[in-house]
Amino acid sequence: MTYTHHNNELTMADIGTTVKLKGFVSKKRDLGNLVFIDLRDQEGITQLAFDADNPLKATAEAIKNEFVLSVQGTVRERSSKNPNLRTGDIEIDVATIEVLSTAKQPPMIIADETDALEDTRLKYRYLDLRRPRMHKILKTRHHITRVVREFLNGEGFYDLETPMLTKSTPEGARDYIVPSRNHKGSFYALPQSPQLFKQLFMISGFEKYYQIARCFRDEDLRADRQPEFTQIDVEMSFIDQEAVLAMSERMMQRLLKEIRGIDIKTPFPRLTYKEALERFGTDKPDTRFGMEHITLNAIFKATAFKVFKAVSDTGGLIKAINVKNGEKAYSRKKIDGLTKAIAKYGAKGLAFFKYDGSFSGPAVKFLSDTELENLKTKTGMEQGDLLLVVADKPSVVNAALNYLRNTIAKEMELYDEDTFDFTWVVDWPMFEYNEEDRRYYALHHPFTRIHDSDKTKIETAPDQVLAYGYDLVVQGQELGGGSLRIHDQDMQKAIFNVLGMDEAAQNAQFGFFLEALQYGTPPHGGIAFGLDRIVMLLAKTSNMRDVIAFPKTASAHCLLTDAPSHVSNAQLSELGLQKKSRDE
RNA sequence: GGUCCUGUGGUGUAGCGGUUAACAUGCCAGUCUGUCACACUGGAGAUCGCGGGUUCGAUUCCCGUCAGGACCGCCA
């Protein structure tokens with residue numbers, strides 16, 4: 001027996017027994033004739049005590065933080081107890097001690113209240129991960145994947161694997177590319193998601209698939225975006241949209257209950273994509289509070305106010321949010337700050353109105369009495385309210401007002417962290433026109449099935465075609481998304497046509513898939529959840545690096561291993577590759 | 001690709017056109033029998049990210065560069 005207990009286990013009930021413990025030295029307190037050592041392992045902390053007459057006291061005094069020890073001794077009651085510690089009633093009177101490993105002085109304090117900045121933490125990630133807080137998060141992550149697996153196994157899903165070395169595809173994010181040695185000049189790509197493979201499983205006759213799958217996208221990072229991330233990937237045959245949503249709701253319900261002990265109601269409310277954009281200006285609205293967007297175009301059709309008039313005449317949008325009791329909370333100076341903040345979304349200005357029986361604000365003098373009356377009725381302004389108005393092209397207005405709504409709600413504390421307002425955003429448009437490239441793109445992805453009633457519009461009015469696409473949103477974050485898929489090769493080709501892919505391109509990129517569709521394809525659909533985001537949500541952190549054991553920096557650099565790094569010319573030539581100049 | 005913020009002992013911060021570069025913590029030594037952020041006394045430890053410029057003089061101001069972070073674009 002290498003040890004008899006973990007360091008969170010011993011209590012008054014164990015007094016008098018001989019135990020063997022191991023762990024890291026978390027903290028030594030040397031009181032002269034009395035030495036205490038906090039021994040930390042995966043589960044917790046136990047205090048070791050060395051009395052004045054203990055022959056090991058000298059040994060204990062030489063021990064430093066983070067040494068790895070194995071000790072044997074007797075459990076005894078403390079003369080002064082620590083109620084903050086699970087094992088705070090007892091301590092170990094040490095009889096033998098073995099130093100399994102010594103330790104250099106660590107570059108950071110290994111405790112929850114570490115003072116190290118994130119780059120230091122990432123460089124010495126293995127030390128950072130010793131902190132109980134990080135242990136707790138990674139254990140929560142494990143707990144979540146365990147519950148997910150149990151749930152999906154229980155619902156009859158098969159955990160099936162898909163390749164990591166696969167084919168690069170043009171649509172979507174930038175691929176991570178892997179050069180082939182056998183086929184010099186050719187490349188694999190790491191999967192952005194197992195999308196086509198899971199559909200092929202359906203064509204293979206598996207009816208319920210899942211995988212906790214690593215995905216790779218070579219795009220710029222954010223606090224909640226890493227170049228490699230994990231999806232809970234699910235696909236089902238012979239089902240409709242309701243089946244996918246209901247299954248997802250059961251899974252989230254189970255997760256919230258088991259991880260946080262929170263009961264949530266199903267079914268989750270639904271918003272159409274169109275509604276979400278109108279009422280919240282985003283496809284991932286935070287629905288924990290009101291302050292919805294109010295469209296004011298109708299009021300200002302013939303206004304004398306030049307700013308609104310110009311926007312109205314050029315097909316722009318005039319929208320507002322009513323900040324209830326915002327008049328006092330938002331001084332002129334703070335509003336100027338908000339105006340500056342929304343400039344990053346392209347908003348050229350922010351009009352504001354205060355109300356205390358009548359409107360006041362810089363723009364009031366440009367508006368007629370009728371317009372002000374209509375404004376009051378439309379926005380429901382009351383004593384002490386603040387109205388913020390943005391007028392510009394729709395994408396700018398929506399982005400700016402969404403930012404304002406979220407920022408102000410946070411500042412005014414209009415919501416609670418533990419409100420889980422799961423919402424489905426459904427009925428996504430199939431296509432989105434890109435002005436720059438002068439072509440349509442798939443809003444979700446090109447394999448999404450469209451509403452039967454819209455089939456005739458594919459060629460005539462692609463931007464009106466709605467798809468069976470759905471996103472799961474909570475607290476203003478996208479947790480997952482999916483769709484019903486096309487199971488008919490003619491329809492699949494028609495979609496590719498709208499996307500501007502000719503037959504040759506379709507065959508080169510997706511020929512294998514178009515062919516597979518010809519051999520009998522069950523109707524199918526699925527969904528994928530961002531595991532990292534689920535962990536963030538349940539572990540209450542806004543930093544994705546906190547929930548990934550070995551994450552990368554904002555520039556996709558691993559500070560621990562220093563990847564990516566140079567490779568030798570020999571390695572390159574084996575792959576048929578040659579570096580261009582500009583070598584350091 | 002762009003905007004903004006940060007870079008000073010091991011760690012985290014303060015600071016300022018001329019300083020003995022300050023504080024906390026960690027580290028080392030000593031005192032201490034009940035600590036648990038032990039306490040107290042003393043000590044060591046910094047080419048102020050790197051390069052250039054302005055200046056009599058730059059850690060401080062300016063430019064560039066590198067690194068880290070936040071955001072915009074991007075992420076079907």
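Lettering of chains follows the sequences in order, A, B, ..., and the numbering in each one begins at 1.
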When the aromatic ring centroids of His451(A) and Tyr468(A) are compared, is their separation below 6.0 Å? yes
Considering every strand shown, what is the Watson-Crick or G-U wobble mate of C75(B) when both distances are under 3.5 Å? none
Does OP1 or OP2 of U35(B) have a side-chain N or O of Arg29(A) closer than 4.0 Å? no
Closer than 4.0 Å, any side-chain N/O of Arg76(A) to the OP1 or OP2 of G34(B)? no
Starting at atom CG of Leu117(A), determine the distance to atom C1' of U8(B), rounded to an integer number of angstrom. 13 Å
Considering every strand and a 4.0 Å limit on heavy-atom distances, what is the contact class for Arg174(A): base, sugar-phosphate, or nothing? nothing
Regarding Ser80(A), tell me which of base, sugar-phosphate or nothing describes its non-hydrogen contacts under 4.0 Å with the strands shown. base
Looking at His557(A), does any N or O in its side chain come under 4.0 Å of the phosphate oxygens OP1/OP2 on G68(B)? yes
Has Asn33(A) got a side-chain N or O lying under 4.0 Å from the OP1 or OP2 atom of U33(B)? yes
Base, sugar-phosphate, or nothing for Leu559(A), non-hydrogen atoms under 4.0 angstrom? sugar-phosphate
Closest heavy-atom pair and its distance - Glu66(A), Arg40(A): OE1-NH2, 2.9 Å
Could you tell me whether the side chain of Arg225(A) has a donor or acceptor atom within less than 3.5 Å of a complementary atom in the base of C75(B)? yes
For Lys552(A) and C75(B), give me the distance from atom NZ to atom P, rounded to whole Å. 21 Å
Do the numbers put Arg439(A) on top of the ring of Tyr441(A), so that NZ or CZ is under 6.0 Å from the six-membered ring centre and no more than 45° off the axis? yes
What does Lys81(A) touch in the nucleic acid at a heavy-atom separation under 4.0 angstrom: a base, only the sugar-phosphate, or nothing? base
Write down the distance between NZ (Lys104(A)) and P (C27(B)), rounded to a whole number of angstrom. 15 Å
Rounded to whole Å, how long is the line connecting atom CD of Gln231(A) with atom C1' of C75(B)? 12 Å
Below 4.0 Å: OP1/OP2 of A67(B) and any side-chain N or O of Thr553(A): no
Please tell me if Asn65(A) has a side-chain N or O lying less than 4.0 Å from either OP1 or OP2 of C27(B). yes
Is any side-chain N or O of Lys27(A) closer than 4.0 Å to OP1 or OP2 of G26(B)? yes
Under 4.0 Å, heavy atoms only, any strand: does Leu443(A) hit a base, just the sugar-phosphate, or nothing? sugar-phosphate
Looking at Gln492(A), Gln506(A), Glu503(A), which one forms a side-chain hydrogen bond (donor to acceptor under 3.5 Å, both in side chains) with Asn497(A)? Gln506(A)
On a plain distance test, is the side chain of Arg121(A) in donor-acceptor contact with the base of G68(B) below 3.5 Å? no
